[in-house]
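In what follows, chains carry the letters A, B, and so on, assigned in the order in which the sequence lines appear, proteins first and then strands, with residues in each chain numbered from 1. Note that the structure is a prediction, hence the values are computed from the model and not measured.
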Protein chains: 2
Amino acid sequence: MHSYGQYCALAKTLDVLGGRWTLLIVRELLIRGACRYTDLRNGLPGIATNMLAERLRELEDAGVVEREDAPAPVATTLFRLTARGRELEPILQQLGAWGAPLLAQPARGDRFRTHWLTMPIGLHLRDRNPEAPPVRIELRTGDEPLTIETGDGRVHAKPGAAADPDLVLTGLPQAVMGLLLGKIDWNTAQRAGLRSEGDLKVLRRIQPEAAPA
Amino acid sequence: MHSYGQYCALAKTLDVLGGRWTLLIVRELLIRGACRYTDLRNGLPGIATNMLAERLRELEDAGVVEREDAPAPVATTLFRLTARGRELEPILQQLGAWGAPLLAQPARGDRFRTHWLTMPIGLHLRDRNPEAPPVRIELRTGDEPLTIETGDGRVHAKPGAAADPDLVLTGLPQAVMGLLLGKIDWNTAQRAGLRSEGDLKVLRRIQPEAAPA
DNA sequence: CGGCATCCACAGTGATACTG
DNA sequence: CAGTATCACTGTGGATGCCG
């Protein structure tokens with residue numbers, strides 16, 4: 001990427017992060033932590049492999065990403081964010097929040113990965129009853145299950161199936177997220193094909209505002 | 001710009017704002033408010049004129065920018081941010097803050113416009129003595145003067161010369177900003193060619209931390 | 001002059017194939 | 001698994017021209 005050549009902090013930021021795919025690579029590393037090249041490619045459907053390799057090199061040169069030779073038995077390379085790279089988390093959250101309304105439109109043909117829900121969940125949901133025992137919800141809405149857990153007043157999500165979940169939600173991402181964020185009620189979600197197993201009441205504990213269950 | 005085609009809020013944001021020059025156009029409109037095509041081109045040294053026209057059209061389609069036929073005598077078109085576009089201000093400030101360390105390096109050959117200092121000044125400086133009468137500082141460090149004013153505990157900057165300023169600073173942007181942000185002391189700034197006229201004590205009132213005057 | 005449209009050389013991008 | 005190599009294609013930057 002050619003530099004903007006401007007003595008301006010924003011322009012310098014864009015010199016580093018403004019290239020195509022760059023911020024989406026940072027998104028993957030924020031969500032996943034250290035990952036392999038193949039994991040990154042899988043979380044970035046549509047990227048060309050040479051593009052990923054080149055961007056990782058640029059991010060490494062810029063001090064945003066570092067590579068690490070994985071521990072003994074596996075013998076593979078891991079990519080992870082540096083401290084400087086992790087400073088980008090709140091910025092990516094805000095950028096995502098700005099674009100959230102754009103997800104309302106149909107957007108047919110869009111690719112989806114379940115772990116992309118991690119950031120919006122951590123940003124928009126709160127545990128309204130931190131004193132009570134924690135709850136676990138499993139989402140099945142794409143390539144892999146996602147586990148939602150309450151803890152210290154916040155709501156965390158991480159890839160993988162939940163052990164002994166209080167609730168399991170199965171359906172399209174639009175319906176799952178619409179329900180979790182309180183944008184649509186349970187009847188609407190059901191009409192959109194959402195299915196549930198377990199205790200729907202736990203939803204009220206984490207939804208941002210009053211929403212019917 | 002080709003869409004990423006991902007059902008992810010960040011990817012949707014980048015579909016709209018991720019193109020080359022796009023966020024720098026938003027920067028100009030945030031700093032300047034409504035401006036003419038020519039003003040934009042002037043604040044974006046290096047941009048190709050067809051690029052500016054195309055990006056403005058895209059931003060208009062996305063509901064970030066709107067155009068307005070200027071009032072009676074002038075007969076020109078003005079471009080301004082919509083409410084949706086103005087929501088980007090805190091995000092651009094954070095992106096700029098992230099890149100601020102990159103301005104420390106020499107960066108020879110970089111173009112500069114004085115009004116680019118508006119955002120960092122509003123972000124990093126505070127009026128430590130809001131009860132006292134307001135102060136005005138004029139910066140002369142590039143193409144046009146910039147006026148800094150205190151008010152309601154904050155520090156604002158706007159293009160143009162100051163009427164009856166308490167202090168006038170003249171020199172390179174690195175030196176001016178280094179002094180204002182307390183990164184360098186007055187002697188260092190002076191060695192970097194900075195000249196002053198007026199009362200240097202007013203600096204302490206707005207500098208982020210203790211710094212010698 | 002302000003607000004573009006057109007044209008062209010070239011750098012960036014994306015798909016596929018291949019390799020240690 | 002983690003890339004490199006190749007190549008067609010598209011986006012970008014610079015110059016210039018046009019039109020009210």
Output every pair passing ring pair (Phe, Tyr, Trp, His ring centres under 6.0 Å) with a member in residues 21-44 of chain A, not counting sequence neighbours, ordered by first then second residue.
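Counting only pairs at least two positions apart or across chains, the ring pair (Phe, Tyr, Trp, His ring centres under 6.0 Å) contacts touching residues 21-44 of chain A are A:Trp21-B:Tyr4.
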Inter- and intrachain pairs under ring pair (Phe, Tyr, Trp, His ring centres under 6.0 Å), touching residues 138-160 of chain B, at least two apart:
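The answer is none; no pair qualifies.
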Can you pull out the residues from residues 29-45 of chain B that lie within a 4.0 Å heavy-atom distance of DNA chain D?
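Contacts with DNA chain D under 4.0 Å: none.
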Residues that B:Asn42 engages under side chain to side chain contact (heavy atoms under 4.5 Å, CB included), provided they are two or more places apart
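Here the qualifying residues are B:Arg113.
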List for me each residue that meets side chain to side chain contact (heavy atoms under 4.5 Å, CB included) alongside A:Ala62, sequence neighbours excluded, and say none if there are none.
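If we apply the side chain to side chain contact (heavy atoms under 4.5 Å, CB included) test to A:Ala62, skipping adjacent residues, the hits are A:Val16, A:Val64.
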Which is true for A:Tyr4 with a 4.0 Å heavy-atom rule: it touches a base, it touches only sugar-phosphate, or it touches nothing?
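No contact.
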Residues from residues 9-18 of chain B lying under 4.0 Å of DNA chain C - heavy atoms
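The stretch gives none, as no residue of it lies under 4.0 Å from the strand.
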Residues two or more places apart in sequence or in another chain: which of them pass salt bridge (charged side-chain N to carboxylate O under 4.0 Å, His left out) with A:Arg67?
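A:Arg67: salt bridge (charged side-chain N to carboxylate O under 4.0 Å, His left out) contacts with A:Glu60.
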Identify, with sequence neighbours excluded, every residue that meets salt bridge (charged side-chain N to carboxylate O under 4.0 Å, His left out) alongside B:Glu138.
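Partners of B:Glu138 by the salt bridge (charged side-chain N to carboxylate O under 4.0 Å, His left out) criterion, ordered by chain and then number, come out as B:Arg140.
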Surrounding CD of A:Glu68 (heavy atoms of other residues, nucleotides or ligands, distance under 6.0 Å), is the total greater than 12?
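More than 12 heavy atoms, drawn from other residues, nucleotides or ligands, come within 6.0 Å of this atom.
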Range on DNA chain D touched by chain A, heavy atoms, distance below 4.0 Å
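Terminal contacting nucleotides, 5' to 3': D:dC1 to D:dT6.
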Going by ring pair (Phe, Tyr, Trp, His ring centres under 6.0 Å), name the residues that satisfy it together with A:Trp98, two or more places apart in sequence or in a different chain.
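With sequence neighbours excluded, A:Trp98 shows a ring pair (Phe, Tyr, Trp, His ring centres under 6.0 Å) to no residue whatsoever.
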At under 4.0 Å between heavy atoms, which parts of nucleotides 9-20 of chain C does protein reach? Answer with one letter per nucleotide, 5' to 3': B base, S sugar-phosphate only, - none.
---SSBBBB---
Going by the salt bridge (Lys or Arg N to Asp or Glu O under 4.0 Å) test, which pairs reach into residues 83-92 of chain A, not counting sequence neighbours?
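Listed by first then second residue: A:Arg84-A:Glu87.
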